[in-house]
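Just so it is clear: chains get the letters A, B, ... in the order the sequence lines come, proteins before strands, and each one is counted from 1.
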Amino acid sequence: MSISTKYNPKEIEKKWYDSWMQRGFFRSKPNPNKEPYTIVIPPPNVTGVLHMGHMLNNTIQDVLIRRARMQGKEACWVPGTDHASIATEAKVVAMLKERGINKKDLTREDFLKYAWEWKDKYGGIILDQLKKLGASCDWDRTRFTMEDDLSAAVIEVFVDLYRKGHIYRGVRMVNWDPQGKTALSDEEVIYKQVNSKLYYLNYQIEGSDDTLTIATTRPETILGDTAICVNPNDERYKHLHGKTVLVPLINRSIPIITDEYVDMEFGTGCLKVTPAHDLNDYELGIKHKLPSIDILNDDGTLSDKALLYVGENRFVVRKKIAKELEEKGILAKVEDITNNVGFSERTDAVIEPKLSMQWFCKMDAMAKPAMESVMEDQIKLHPPKFKNMYRSWMENIRDWCISRQLWWGQRIPAFYLPDGSFVVATTAEEALELARKQSGNNELQVSDLHQDEDVLDTWFSSWLWPISVFDGFKDPDNKDILYYYPTNDLVTAPEILFFWVARMIMAGYEFRKEPPFRNVYLTGIVRDAQGRKMSKSLGNSPDPLDLIEQYGADGVRAGMLFSSPAGNDLLFDEKLVEQGRNFSNKIWNAFRLIKGWEVDETLPCPNETAIKWFESRFNEAFVQIEDHFEKFRISDALLAVYKLVWDDFCSSYLEMIKPAYQQPIDKQTIDATVGFLENVLKALHPFMPFLTEEIWHDLKERKEKEFLIVAAWPKKDTFDKEIIEQMDSVLKVIAAIRNIRNSKNIPNNKQLDLLIKVMTQNSYDAFLSIIRKLANINEISFVEDNVEGAISFIEAGDEFFIPMAGNIDVAAERERLTKELEYTKGFLNSVAKKLSNERFVNGAPEAVIANERKKQADAEAKIKAIEQSLASL
RNA sequence: GGGGUGUUAGCUCAGCUGGUUCAGAGCACCUGCCUUACAAGCAGGGGGUCACUGGUUCGAAUCCAGUACGCCCCA
């Protein structure tokens, strides 16, 4: 035979991907005669390269979209990338540095030119990598969050929300990244446990020689202190209420205030209040009308308001000031503690809570419908355990800081007048008009206005993604948006459930009055075999493209899905991918076998039972597979196909119908078998698209557009439960015979005889040839009595004998039978006990009791049979 | 500290509405096979007090409470 015994994915994958592309199978257009099925890709970071998380995520999306396509839906998977402002800007800055260029020396326009240059060069990499995986995206629809239309949408939305009063500008405590020199949203801050020191400092009480001790992890911030706070119920400090103390080193007089917020147990129970540098202190400050003293510059050095150590880095100052305090006898003691410190997700710098002027988007009004839609299952989360988390987040939502002190992104459309007031408008011209109206000054020119320097958070683009990719802002009634929106399923990671998913839902209701999608499938995190998160720094992540090279895209796809139930982390092991590859090979060889048969049209069909059985078995399995799909149990769906193919189709069915070596096969069997293989390929195609398409075409001549990728998905059909059960018993009989061979060291090629004592209504007539073939039996006969000199076993209530021609080890056989007898008696006993319990008989449903009675009768029959066998030994 | 969620075979996990799918699957493991589709394979097999304690029930892996340990989110 000329077909290789091993499946070789390399050229095959490229061939079919190109072929699909050429024929436009991935493309989608609104088609009123078809039901739309839409997925928008979670846009990967434009700076990114494919990692294992993307592999899992996009494999699942591809499985969903391919199945929908085969189901005859108008399947549309929209790809694209997002501009990832901080990450990309950091990469561009690094690139410039390499070329000896400092960002500070560039104008905004020059910098953006470099940024686009960078994006054009590296921005498409990740999408090309997805093609290797087999992703069947409609590439003609590829979008980018910074392209003109999507940027216009962002600006339009900003202006709209501003006019609705949802966007405001204000001084607020924000998470400041002193390295990136930008504000971050709460979600971009990662808290880590670190070892710190707790410094105990003595503050002099004014008008007294006494001191008061406070504890702080950040002694440098005392320079910004504006009060000391104690719990009003704290007996220790009652005598100090209303007094003032002096801040050490600078001797500023600050009041002692009281608030129940203070934890009496922590430190000394005295809290220093630094409203400019701590969120809780800030809120205390507002409540008690305290001044804020901002002692830090944007780059994390001390400002002149600090009075001391001006211009020095915050961490350097911490050490220096601790030393100075110690020398001056102010430092009482130092303790080691661990506390949570926030770090920038992007630059890893320690976050500085900082007061600054930022733009905010109000969340409460928009959060309401977004929360309800998930709680009431208009949008379903899979698995639903994430609903709780979602709710608690939405209930405690805070306003969204949307401004970023960067250049790479959509510039905030606010224009400042010479007097410091501002207007918000989509264009400078429109702004001028508004500004003239607002100021009453008709002499104002565009050049008098100054646009805000900041850009918008990237998520302020991506929350519009399901709408903006269909140009739903530019042209709200266009055909695409009307047809594809709401999209169907979103596949993403739980980490961005709030960042992104929740905000998309808000935007959906705000701008389209409809949810952006119906189902959210949450994948897990891909971890290594030890359970560690895969990361570049650990070096524990395989390169996905290497894996594809080694095992084939189909093998990798299957491997990823073998062990990844929704919402559960995937402990990735290369073994899984190996299993995927082995599976590819298994199917390949099944195909080789079928392809290799000569057909003799004159032969009668000896395989009616096998054919009838597999047909039913396929339908049974397919119903289950569909059920898994409907419940988003993708892993289970794959495993069900896997078992259907390997166990039922290959190990059982093909062995049943396989003609003897070099013998031809009859027409009816080959036709049925090819049909079965086609159905199996269909069910398998979403998971393993390349291999299945290849076999599809090798199996038969196909017409120009007759591709598996667009073949009709099988329909759920009825199945004959009885034949499945009968075959089940028959296969157990075969296994029992094989087991006897194994344990008695009887070679496979030695034919045995089989005698059957039927004690039930079972009929084996239709299955005799199958038993003969699979168990290598010479003669099968039926008996009324026990057979002497034979090994026996019971299956489905009937007794089977294999004559051993005197080769029986009587003692061993007696022991085996005795053991089985004992077990069965014990079993009977437990059933009898149940049945003699009056409360069980009265309380349990009829079916359960009938079942127990059947168990009882079966066990009794079995005991009788074993006893007879023992007697005849 | 608050909330959520989990603990089932060596590993990863199914197990829905308590009772024949109740103790399962895949991988790993053990034994025997190079039997012309496949050694990336074939055949067979051994593994579990369902975390622990108590409760509800005729009956609990399944429901309830507590304990221990793990993970996640928030502070």
Open item on the list: Need one value for A/S584: base, sugar-phosphate or nothing, where a base atom within 4.0 Å counts as base even if backbone is also close, heavy atoms only.
Closed with: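 Nothing, no heavy atom under 4.0 Å.
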Decide if atom [atom1] of [X] counts as having more than 12 heavy atoms of other residues, nucleotides or ligands within a radius under 6.0 Å.
X	atom1	result
A/E11	CD	yes
A/K716	NZ	yes
A/E598	CD	no
A/K773	NZ	yes

Whole-Å gap separating [atom2] ([N]) and [atom1] ([X]):
X	N	atom1	atom2	result
A/Q662	B/U35	CD	P	16 Å
A/N396	B/G4	CG	P	14 Å
A/I634	B/A14	CD1	P	14 Å
A/D573	B/A28	CG	C1'	10 Å
A/I746	B/G44	CD1	P	15 Å
A/L654	B/C42	CG	P	12 Å
A/R741	B/C42	CZ	P	18 Å
A/F498	B/C73	CZ	C1'	6 Å

Is the shortest side-chain N to carboxylate O distance from [X] to [Y] below 4.0 Å?
X	Y	value
A/K721	A/E620	no
A/K387	A/D377	yes
A/K575	A/E578	no
A/R581	A/E574	no

According to a strict under-4.0 Å criterion, is [X] in side-chain N/O contact with OP1 or OP2 of [N]?
X	N	result
A/R581	B/A40	no
A/S635	B/A14	no
A/W646	B/C42	yes
A/N748	B/C42	no
A/N582	B/G41	yes
A/R738	B/C33	no

Given [options], the nucleotide with the shortest approach to the side chain of [X]:
X	options	value
A/E655	B/C38, B/G32, B/U5	B/C38
A/K6	B/C16, B/U35, B/A39	B/A39
A/D636	B/A37, B/A14, B/G41	B/A14
A/N739	B/G45, B/A40, B/U31	B/G45
A/L571	B/U12, B/A43, B/A37	B/U12
A/R592	B/A43, B/C16, B/C38	B/C38
A/N585	B/G44, B/A43, B/A40	B/A40

Using atom [atom1] in both nucleotides, what's the gap between [N] and [M] to the nearest angstrom?
N	M	atom1	value
B/C11	B/C73	C1'	28 Å
B/G48	B/C13	C1'	14 Å
B/A68	B/G24	C1'	27 Å
B/A9	B/C72	C1'	27 Å
B/C63	B/G2	C1'	26 Å
B/G44	B/A65	P	46 Å
B/G41	B/A28	P	9 Å
B/C50	B/A23	C1'	8 Å

Open item on the list: Output one letter per nucleotide in nucleotides 21-26 of chain B: B when a protein non-hydrogen atom lies under 4.0 Å from the base, S when only the sugar-phosphate is that close, - when neither is.
Closed with: ----SS
Task: Any N/O donor-acceptor pair, A/K586 side-chain to B/C38 base, under 3.5 Å - done: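 Yes.
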Open item on the list: Students often mix this up, so state it plainly: with edges at 30° and 60°, are the rings of A/F687 and A/F629 parallel, tilted or perpendicular?
Closed with: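 Taking A/F629 first and then A/F687, their aromatic rings lie parallel (interplane angle under 30°).
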- [ ] Could you tell me how the ring of A/F583 sits relative to the ring of A/W646: parallel (under 30°), tilted (30 to 60°) or perpendicular (over 60°)?
- [x]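 Because their plane-to-plane angle is under 30°, the rings of A/F583 and A/W646 count as parallel.
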Task: Glycosidic class, syn or anti, of B/G45 using a 90° window around 0 - done: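 B/G45: anti glycosidic orientation.
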- [ ] Supply the atom-to-atom distance A/T492 OG1 to A/I60 CD1, rounded to the nearest 0.5 angstrom.
- [x] 10.5 Å
- [ ] Please tell me which of A/A736 and A/F591 maps to the more 5' nucleotide of RNA chain B, matching each residue to the nucleotide holding its nearest heavy atom.
- [x]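 The residue mapped nearer the 5' terminus is A/F591.
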Task: RNA chain B: stems of at least 3 consecutive Watson-Crick or G-U pairs whose donor-acceptor distances fall under 3.5 Å - done: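 Listed by first number, the stems are B:1-7 with B:68-74, B:10-13 with B:24-27, B:29-33 with B:41-45, B:51-55 with B:63-67.
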Task: For A/F649, the option from A/Y642, A/F614, A/F618 that meets ring pair (Phe, Tyr, Trp, His ring centres under 6.0 Å) - done: A/F614
